[in-house]
Amino acid sequence: MTGADMLAAWHDHLALGLRRSPHTVRAYGTAAQRLLTRMDLATWDEVARLPATRLRTHLASRRADGLSNASAARELSALKGFIAFARAQAGHAVSEPPRLRGPRIAKGLPRPVTPDDAVGLADTVAELASDDWIGARDRAVLLLLYGAGLRIAEALSLTGADLPLGERLTVTGKGGKQRVVPLLPIIREAVADYVARCPWPLTQSEPLFRGAKGGALSQGVLQKATARARRSLGLPDSATPHALRHSFATHLLGAGADLRSLQELLGHASLGSTQIYTKVDAATLLDTYRKAHPREQD
């Protein structure tokens with residue numbers, strides 16, 4: 001078995017067995033390829049028996065390349081998974097995978113935008129677009145992120161089969177897990193406006209949101225359009241498409257939504273992922289207090 005065969009098996013395990021996202025499959029595959037090349041590993045048994053000292057050396061060289069704490073922790077997680085997979089493929093008893101601790105990561109709070117800025121960002125993206133149908137497309141996607149809490153990948157994975165949009169939409173999220181989210185009239189109207197303007201046939205099997213040449217819309221195109229709009233509005237760099245999903249969660253929590261309901265709407269596997277928004281909401285309230293309290297104005 002060649003290194004390419006090993007990587008192909010690892011890719012299939014991630015994508016088909018564990019149903020990881022394309023981004024995770026790509027990142028974990030690259031980490032495994034780098035390990036095989038730099039450590040000169042040619043068999044599953046060699047990977048399975050890799051001692052902690054050699055893995056630590058490999059990770060140290062990656063840090064010397066300028067890897068951040070967050071990226072280093074992700075690489076370690078990928079390699080531990082790859083080594084565990086190699087143990088299973090080796091077909092005989094081997095030593096336990098190397099036990100290494102990843103670097104400490106300071107968890108920053110998501111930075112939401114205000115409701116007015118969220119809608120303003122979507123409208124401005126449309127106004128600055130090179131074509132009316134492209135503007136309608138980008139506005140519809142951003143409103144799905146802010147108004148329904150979709151991830152970018154979830155919005156871009158919608159197809160013509162999801163049309164026409166009703167009051168509820170079934171979304172397939174991470175790990176193939178499905179959830180049902182309600183759709184506000186403004187979202188349904190935005191998508192309908194895009195559909196009416198789109199020059200490409202929106203068949204059931206094709207992506208709903210199309211690029212300028214008719215292919216699937218990429219995240220990068222949407223991110224660039226959003227960056228242009230936020231500069232026009234004077235918004236901070238943190239006002240990204242993904243921040244709109246954070247804003248959806250924060251604003252719902254501030255309006256009285258309970259954590260369990262919010263967890264279901266966001267498609268989080270664990271409540272712990274949702275609980276971060278309680279800190280975001282508290283931080284927002286504290287910031288408002290500091291700006292409004294008379295003593296802060298002295």
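Since the model is a prediction, treat every value here as computed from it, not as a measurement. Computation of the quantities below employed the complete heavy-atom set of this structure, encompassing side-chain atoms and omitting hydrogens, waters and symmetry-equivalent molecules.
Put simply, the side chain of Leu158 reaches to within 4.5 Å of the side chain of Leu169, judged on heavy atoms. Under the 4.5 Å side-chain criterion, counting only non-hydrogen atoms from C-beta, Leu41 is in contact with Arg54. At least one side-chain heavy atom of Val191 sits less than 4.5 Å from a side-chain heavy atom of Leu163. Side-chain contact between His58 and Glu75: present, with at least one pair of heavy atoms (C-beta onward) separated by less than 4.5 Å. At a threshold of 4.5 Å between non-hydrogen side-chain atoms, the residues Leu183 and Leu144 count as touching. By the 4.5 Å heavy-atom criterion applied to side chains, Ile83 and Leu55 are counted as neighbours. In this structure, Asp237 and Arg230 have side chains that are in contact, with non-hydrogen atoms separated by less than 4.5 Å. Annotation: side chain of Phe82 is in contact with side chain of Leu36 (closest heavy-atom distance under 4.5 Å).
Residue Val181 comes nearest to Ala148 through the heavy atom pair CG1-O, 4.1 Å, listed as atom of the first residue, atom of the second, then distance. Ala140 and Tyr194 make their closest contact through CB-CB, 4.4 Å (heavy atoms, listed as atom of the first residue, atom of the second, distance). The shortest non-hydrogen separation linking Leu7 to Gly29 is CD2-O, 4.0 Å. Across all their heavy atoms, Gly147 and Phe248 have their closest contact at O-CE1, 3.6 Å. Minimum interatomic distance between Leu150 and Arg245 (heavy atoms only, all atoms of both residues): O-CD, 3.6 Å. In this structure, Ala31 and Ala78 approach most closely via the heavy-atom pair CB-CB, 3.9 Å.
Classified by interplanar angle (parallel below 30°, tilted 30° to 60°, perpendicular above 60°), the ring pair His13/Phe85 is parallel. Ring geometry for His242 versus His246: interplanar angle over 60°, hence perpendicular rather than tilted (30 to 60°).
Of the inter-residue distances, the one linking Ser61 atom OG with Met39 atom CE reads 6.5 Å to the nearest 0.5 angstrom. With values rounded to the nearest 0.5 angstrom, Met6 atom CE is found 6.0 Å from Thr43 atom OG1. How far CG of Leu235 is from OG1 of Thr240: 11.0 Å, rounded to the nearest 0.5 Å. From Leu142, atom CG reaches atom CZ of Arg137 across 10.0 Å, with rounding to the nearest 0.5 Å. Distance check, rounded to the nearest 0.5 Å: OG1 of Thr57 to CZ of Arg62 gives 14.5 Å. Here Leu156 contributes atom CG and Arg151 contributes atom CZ; the two are 13.5 Å apart, rounded to the nearest 0.5 Å.
Remark: side-chain polar atoms of Asp162 are paired, donor with acceptor, to backbone N or O of Thr159 under 3.5 angstrom.
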Give the table of side-chain donor-acceptor pairs shorter than 3.5 Å for residues 117-134, with sequence neighbours excluded, one pair per line with atom names and distance.
| from | atom 1 | to | atom 2 | distance (Å) |
| --- | --- | --- | --- | --- |
| Asp117 | OD2 | Thr114 | OG1 | 3.2 |
| Asp123 | OD1 | Arg139 | NE | 2.8 |
| Thr124 | OG1 | Gly120 | O | 2.8 |
| Asp131 | OD1 | Trp133 | N | 3.3 |

Could you pull out all donor-acceptor pairs under 3.5 Å where a side-chain atom in residues 196-218 meets a protein atom, sequence neighbours excluded?
| from | atom 1 | to | atom 2 | distance (Å) |
| --- | --- | --- | --- | --- |
| Arg197 | NE | Asp193 | OD1 | 3.0 |
| Arg197 | NE | Asp193 | OD2 | 3.2 |
| Arg210 | NE | Gly214 | O | 2.8 |
| Arg210 | NH1 | Pro201 | O | 2.9 |
| Arg210 | NH2 | Gly214 | O | 3.1 |
| Ser218 | OG | Val221 | N | 3.3 |

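In Arg38, the CZ atom is crowded: over 12 heavy atoms of neighbouring residues, nucleotides or ligands sit closer than 6.0 Å. Around atom CG of Asp40, no more than 12 heavy atoms belonging to other residues, nucleotides or ligands sit under 6.0 Å away.
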| request: Just do the side-chain contact (heavy atoms from CB on, under 4.5 Å) check on Leu244 and Thr226 with the steps written out, would you? | output: CA-CA 11 Å; Leu244 295 179; Thr226 306; over 6 Å; no

